2 protein chains.
Amino acid sequence: MSHLGHATMEEMEERCAKAGLKLTEPRRLVLQILVESEDHPSVEMVYERARIKDPKVAMATVYRTLNLFHEFGIVTRIDLKESFARYELNWGHHHHLIDVETGEVHEFQNDKIEKLKSQIAAEMGYDLVECVLELYGRKRHAVA
Amino acid sequence: MSHLGHATMEEMEERCAKAGLKLTEPRRLVLQILVESEDHPSVEMVYERARIKDPKVAMATVYRTLNLFHEFGIVTRIDLKESFARYELNWGHHHHLIDVETGEVHEFQNDKIEKLKSQIAAEMGYDLVECVLELYGRKRHAVA
DNA sequence: CTATTTGCAAACAGTTTGCAATGCA
DNA sequence: TGCATTGCAAACTGTTTGCAAATAG
């Protein structure tokens, strides 16, 4: 399993409400898709999945909604070495390990690296605001 | 200063030769630009700088050359939270700290974090192949 | 001399935007 | 009613590609 934890629809709706976001039908739909998704879908994928539930949603709306959610910290944008962006709920800080052979994306968390990151920033005279950390790896084969 | 070290034109030409790359005039030009650059130029910037020395180079050639160099490990592609890519010579492993206020890009190196990265990958059953690590920070103001 | 590389312009992919119609407080 | 949001299509940006001419070994 690639997810460290789960947010519920109720929790996410609550966060939108707190952010003062009007939860219209298409927005709730996009949120729902992300809550249900076990993977890290591209905009296209979110659109496809949304269309199944409501064939009249527009791609542009999906883009606008994801941008809006991102702006309000509801959602996290993932930029891997790809030509498109992926999104996930902003829920529980973690980073990604990408299997270079299969493209699978795994999540991980590590306190030591979190401390080290802030420490490095501090040494350079900065307060850490944000961070991108992606590991690209090849599955280690069991040795006979 | 944002650079940890410098490669010379000779060293880079040598590496191209070893990679079996034909060093044509436009290619040498792009290489030259990168050797001279103290910053992390976008393709557009490389193109502009190249054009000063040779007004007849085409944007497409700059793209093709950078892709080629990237493919052969001569150059590193930097994907910050921007809509375009930046490039730098693949010379001395390091990561980037981006000043969120000014956009300045600083380089850093840290052995502890290198070890930790491989260790995390290993714990997840992977051999680390590559890694993206970007710190985004705000300059810490001196306290009175 | 032959294969590679270039410059140009057109194509392309992902994303954003203008606008009239719709929906919601 | 009035303002925000949607769907659609067109625009836009960064990047890639087809092709004929130029170049390199």
Side-chain angles (χ1 to χ4, degrees), chain A residues 13 16-34 40-72 74-88 103, chain B residues 13-14 16-34 39-72 74-88 103:
Chain A
E13 285 186 350
C16 287
K18 270 189 182 148
L21 291 181
K22 205 187 281 193
L23 260 195
T24 63
E25 205 186 309
R27 287 181 187 172
R28 174 170 283 104
L29 186 52
V30 168
L31 201 57
Q32 181 79 58
I33 299 296
L34 290 174
H40 304 78
S42 62
V43 185
E44 190 80 35
M45 281 155 112
V46 173
Y47 173 58
E48 297 294 353
R49 293 175 194 178
R51 241 160 36 129
I52 293 169
K53 307 199 181 198
D54 178 358
K56 69 183 184 303
V57 287
M59 185 84 238
T61 304
V62 176
Y63 270 103
R64 278 190 282 232
T65 302
L66 288 171
N67 283 343
L68 185 79
F69 284 170
H70 183 234
E71 202 174 323
F72 283 86
I74 305 295
V75 130
T76 299
R77 188 190 160 113
I78 314 174
D79 290 293
L80 305 184
K81 295 174 186 299
E82 298 172 317
S83 56
F84 53 85
R86 294 165 179 263
Y87 288 88
E88 65 181 357
Chain B
E13 285 186 351
E14 172 68 14
C16 288
K18 269 187 183 149
L21 292 181
K22 208 188 282 196
L23 259 195
T24 64
E25 207 185 307
R27 287 182 187 172
R28 175 170 282 104
L29 187 52
V30 168
L31 200 58
Q32 181 80 59
I33 299 295
L34 291 174
D39 55 354
H40 305 78
S42 62
V43 185
E44 190 81 35
M45 281 155 113
V46 173
Y47 173 57
E48 297 293 355
R49 293 174 195 178
R51 239 158 40 127
I52 293 169
K53 307 198 181 198
D54 178 356
K56 70 182 185 304
V57 287
M59 185 83 238
T61 304
V62 175
Y63 270 103
R64 279 190 281 231
T65 302
L66 288 172
N67 283 343
L68 185 78
F69 283 170
H70 184 233
E71 202 173 321
F72 283 86
I74 306 295
V75 130
T76 298
R77 188 189 159 116
I78 314 174
D79 289 294
L80 306 184
K81 294 174 186 299
E82 297 172 317
S83 56
F84 52 86
R86 295 166 180 262
Y87 287 89
E88 66 182 357

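Not measured: the values here are computed from a predicted model. Hydrogens, waters and symmetry mates are skipped; everything else that's a heavy atom, side chains included, is used. We name chains A, B, ... by the order of the sequence lines, and we start the count at 1 in each one.
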**OP:** Could you pick out which residue, A/Glu25 or B/Leu23, lies toward the 5' side of DNA chain D when each is mapped onto its nearest nucleotide?
**Re:** A/Glu25
[X] has an atom [atom1]; how far is it from atom [atom2] of [N], in whole Å?
X	N	atom1	atom2	answer
A/Arg64	D/dT5	CZ	C1'	8 Å
B/Arg51	C/dC8	CZ	P	10 Å
A/Glu71	D/dT5	CD	P	11 Å
A/Phe69	D/dT5	CZ	P	11 Å
B/Tyr47	D/dT13	OH	C1'	16 Å
A/Leu29	D/dT6	CG	P	11 Å
B/Lys22	C/dT6	NZ	P	9 Å
B/Tyr63	C/dC12	OH	C1'	13 Å

Original post:
Closer to the 5' end of DNA chain C via nearest nucleotide, is it A/Ala60 or A/Glu44?
Top reply: A/Glu44
Subject >> Of A/Thr24 and B/Val62, the one whose closest DNA chain C nucleotide lies more 5' >> reply: B/Val62
Subject >> Interatomic distance, A/Ile78 atom CD1 to A/Tyr87 atom OH [nearest 0.5 angstrom] >> reply: 10.0 Å
**OP:** Can you measure from CG (B/Leu29) to CG (B/Leu34) and round to the nearest 0.5 angstrom?
**Re:** 10.0 Å
Original post:
C/dG23 base to A/Arg27 side chain: any donor-acceptor pair below 3.5 Å?
Top reply: no
Donor-acceptor contacts, no H, no angles, side chain residues 53-64 of chain B, under 3.5 Å, sequence neighbours left out:
| from | atom 1 | to | atom 2 | distance (Å) |
| --- | --- | --- | --- | --- |
| B/Lys53 | NZ | B/Glu36 | OE1 | 3.0 |
| B/Lys53 | NZ | B/Glu36 | OE2 | 2.8 |
| B/Asp54 | OD1 | B/Lys56 | N | 3.0 |
| B/Asp54 | OD1 | B/Lys56 | NZ | 3.3 |
| B/Asp54 | OD2 | B/Lys56 | NZ | 3.1 |

**OP:** Kindly check if the number of other-residue, nucleotide or ligand heavy atoms within 6.0 Å of CD (B/Glu25) is above 12?
**Re:**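 No, not enclosed.
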Original post:
Within the pair B/Thr61 and C/dG7, is there a side-chain N or O less than 4.0 Å away from OP1 or OP2?
Top reply: yes
Original post:
Does the side chain of B/Phe69 come within less than 4.5 Å of B/Leu31's, by heavy atoms?
Top reply: yes
Original post:
Which of the following nucleotides, D/dT15, D/dT16, D/dG7, is nearest to the side chain of B/Asn67?
Top reply: D/dT16
Subject >> Selection from C/dT15, C/dT16, D/dG7 that lies nearest to any side-chain heavy atom of A/Lys56 >> reply: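 The nucleotide sitting nearest to the side chain is D/dG7.
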Original post:
Using a cut-off of 4.0 Å on non-hydrogen atoms, how would the nucleic acid contact of A/Phe84 be classed: base, sugar-phosphate, or nothing?
Top reply: sugar-phosphate
